[in-house]
Amino acid sequence: MSTPSIKDNLDRVRDSIEKAASAAGRPAEDVVLMAVSKTKPVELIREAYEAGQRLFGENRVAEAAEKFALLPDDTDLHLIGHLQSNKIKTAVPAFDCVESVDSPELARKLAAQCEKKDKVMRILLQLKTAEEGGKTGFSSESEIMETAGWIREQKSLKVEGLMTIAPFTDDESAVRNAFARCRNLQEKLMSLYRDQDYSCLSMGMSSDYEWAIQEGATLIRVGTAIFGGRF
Ligand SMILES: *Cc1c(COP(=O)(O)O)cnc(C)c1O
């Protein structure tokens, strides 16, 4: 048997999104698929592009800027990894959306750089729902609420919703609880800040996106199931 192509993999993932959405009583169009292309070469990303994929996620600023400079302009490139202060300058022109806004300080520095460059950056606020080391994100809901209030006044930031990474476990209820927490926070933000857009819920990866869709995800971030494992 020959190895499946990127296009085969995309078709398979899109299929299973449809099934998961339908099982959850949701229209499949409500769930957008991001192809997470971190560590993968431009040739594979181009294959995905040629199969119709436009939304991509990367977690390293320099790597993403280099690779996506070689791809057509009509991609939608999201940063999904922690953004260090010294990388903000490179990140601002390279990304269309920063999903990993994980502290008030980062929000402030990002806003300042975007203002300087006359760019309005789309952002998601990342909620920390897993305690494992290395997982970044706001750990307190009240801090997110406060930052969300501050973001309302920022012309250079356009908030679109929340992002989370669930704990790495096959314990379904633990994973679904993490997603449900994120959705509950979204509901609070929506009712508190009615003039803002919190409609995007970015949650779910290769191993847990079906559960995420059941818990209301509108954007799922899939790497391995599309591009294969990372070594
Ligand atoms: C790597 C990564 C993904 C994709 O993970 P897979 O298990 O390969 O699907 C999704 N979200 C974030 C934040 C990631 O860093």
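Everything quoted here is computed from the prediction, not taken from an experiment. Side-chain atoms are counted along with the backbone in the values below, which use heavy atoms only and exclude waters and symmetry mates. We count ligands from 1, going down the list as the structure has it; atoms in each ligand are counted the same way.
If you run side-chain hydrogen bond (donor to acceptor under 3.5 Å, both in side chains) between E58 and each of K67, H78, K38, only K67 comes through.
Atom OH of Y198 is separated from atom CG of L192 by 9.0 Å, given to the nearest 0.5 angstrom. Taking CG of L10 as the reference point, atom CD1 of I226 lies at 5.0 Å (rounded to 0.5 Å).
Closer than 4.0 angstrom to ligand 1 sit non-hydrogen atoms from V36, K38, I80, I165, M205, S206, R221, V222, G223, T224, R230.
Judged purely by distance below 3.5 Å, without hydrogens or angles, the side chains of D73 and T75 never pair a donor atom with an acceptor atom.
With sequence neighbours excluded, the residues forming a ring pair (Phe, Tyr, Trp, His ring centres under 6.0 Å) with F68 are F56, listed by chain and number.
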Practice problem: Dump the intermediate steps for salt bridge (charged side-chain N to carboxylate O under 4.0 Å, His left out) on D195 and R152, then the final yes or no. | Solution: CA-CA 8 Å; D195 56 340; R152 285 172 87 190; 3.1 Å; yes
